[in-house]
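A short worksheet on the structure shown next.
Just so you know, these numbers come straight off a predicted model, no measurement behind them. Below, all heavy atoms of this structure are taken into account, side chains as well, without hydrogens, waters or symmetry copies.
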2 protein chains.
Amino acid sequence: MGLQNTLRALADPIRREILSLLKAGPMSAGDICSHFTVTAAAVSRHLSVLREADLIRDHREGKFIYYELNTSVLEEIMLWITELKGDKDDA
Amino acid sequence: MGLQNTLRALADPIRREILSLLKAGPMSAGDICSHFTVTAAAVSRHLSVLREADLIRDHREGKFIYYELNTSVLEEIMLWITELKGDKDDA
DNA sequence: TTAACAATTAACTTAATTGTTAATTGTACT
DNA sequence: AGTACAATTAACAATTAAGTTAATTGTTAA
């Protein structure tokens, strides 16, 4: 379910924007929300989709839940695309 | 609309399988259909999504419409992922 | 022109996704 | 305990997506 989950998670502009935000470093759910016009509940569900895809990790610190980027699962996409593009290694 | 269209198109297992089939070379719609259990109409719609994303190109030869892979739009995804992974060029 | 075939488009159904508001969970503080 | 705050989950409405069958568009050949 890895590649499917990852690509599905990336196929939404808000979720991609969340990932871009997290590029700068870990951020609380509230801080992430403040960058969007949709409600906190909507953002929270986007976060859970990203978490299911293992594109982000979370940990609680007191009242806050911090999210951080996990780019390791993106390797699988890179690999898939590279293979599709023709295995130029064989050339 | 480029990246969004591309990722949305890739976020479906049948569409990814179609692209993988086309890796071997151009193929008619009928040949593509024969690899799947869904109806020809369903495959045709998948093909149109892939075409809108410019992941495939088509041309008619007599009764047949041949599809072939276009991997150039995948560069955009590679770039986006690379940027997300941290712009290691700056290191 | 008519028949036959390849493929797409149309109309419709069902399932999944996205968003909202309201209720719930978890933590800190007095 | 009780209040306040951060964040998630639940329940529902609306949109989008994917599948089916039936009808339509192109093309070839009799």
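A:Ala29 comes within 4.0 angstrom of sugar-phosphate atoms only, judged by non-hydrogen atoms across all strands, and of no base. At a threshold of 4.0 angstrom between heavy atoms, the contacts of A:Arg45 include nucleobase atoms, whether or not backbone atoms are also involved. Within 4.0 Å of B:Ser48, counting heavy atoms only, lies no atom of the nucleic acid at all.
We find that CD of A:Glu52 is positioned 10 Å from P of D:dT9, with the value rounded to whole Å. Here the P atom of nucleotide D:dT8 and the OH atom of A:Tyr66 are 13 Å apart, to the nearest Å. Atoms CG (B:Asn5) and P (D:dT16) sit 14 Å apart, rounded to a whole Å. The distance from atom CZ of A:Phe36 to atom P of C:dG19 is 10 Å, rounded to the nearest whole Å. In this structure, B:Asp12 places its CG atom 13 Å from P of C:dA16, rounding to the nearest Å. At whole-Å resolution of the value, CG in B:Leu50 and P in D:dA17 are 14 Å apart. In this structure, B:Asp31 places its CG atom 11 Å from C1' of C:dA6, rounding to the nearest Å. If you take NZ of A:Lys63 and C1' of C:dA28, they are 6 Å apart, rounded to a whole angstrom.
Scanning both residues, A:Leu50 and A:Ala9, for their nearest heavy atoms gives CD2-CB, 4.2 Å. The shortest heavy-atom contact between B:Leu10 and B:Arg16 is O-NH1, 2.7 Å.
In the set D:dA18, C:dT18, C:dT8, the nucleotide with an atom closest to the side chain of B:His46 is D:dA18. Closest to the A:Val38 side chain, of the nucleotides D:dA7, D:dT21, C:dG19, is C:dG19. The nucleotide whose nearest atom lies closest to any side-chain atom of B:Ala41 is, among D:dT8, D:dA22, C:dA6, D:dA22. Listed nucleotides D:dA17, C:dA7, D:dT9 differ in distance to A:Arg51; the shortest reach to its side chain belongs to D:dT9.
D:dG19 and C:dC12 make up a base pair, with Watson-Crick or G-U wobble contacts both under 3.5 Å. Base-pair partner of D:dT27: C:dA4 (Watson-Crick or G-U wobble, both distances under 3.5 Å).
Looking only at side-chain heavy atoms (C-beta outward), B:Leu22 and A:Leu84 stay at 4.5 Å or farther from each other.
Checking side-chain atoms of A:Arg45 against main-chain N and O of A:Ala40 turns up no donor-acceptor pair under 3.5 Å.
Note on A:Thr39: a side-chain N or O is less than 4.0 Å away from OP1 or OP2 of C:dT20. For B:Arg15, a side-chain nitrogen or oxygen approaches OP1 or OP2 of D:dA18 to under 4.0 Å. At the phosphate of D:dT27, OP1 or OP2 sits under 4.0 Å from a side-chain N or O atom of B:Arg60.
For the residue pair B:Arg60/B:Tyr66, the side-chain donor-acceptor check at 3.5 Å is not satisfied.
Under 4.0 Å is where a charged nitrogen must lie from a carboxylate oxygen, and between A:Glu68 and A:Lys23 no such pair does.
Checking A:Ser44 against B:Glu61, the closest nucleotide of DNA chain D that is more toward the 5' end is the one next to A:Ser44.
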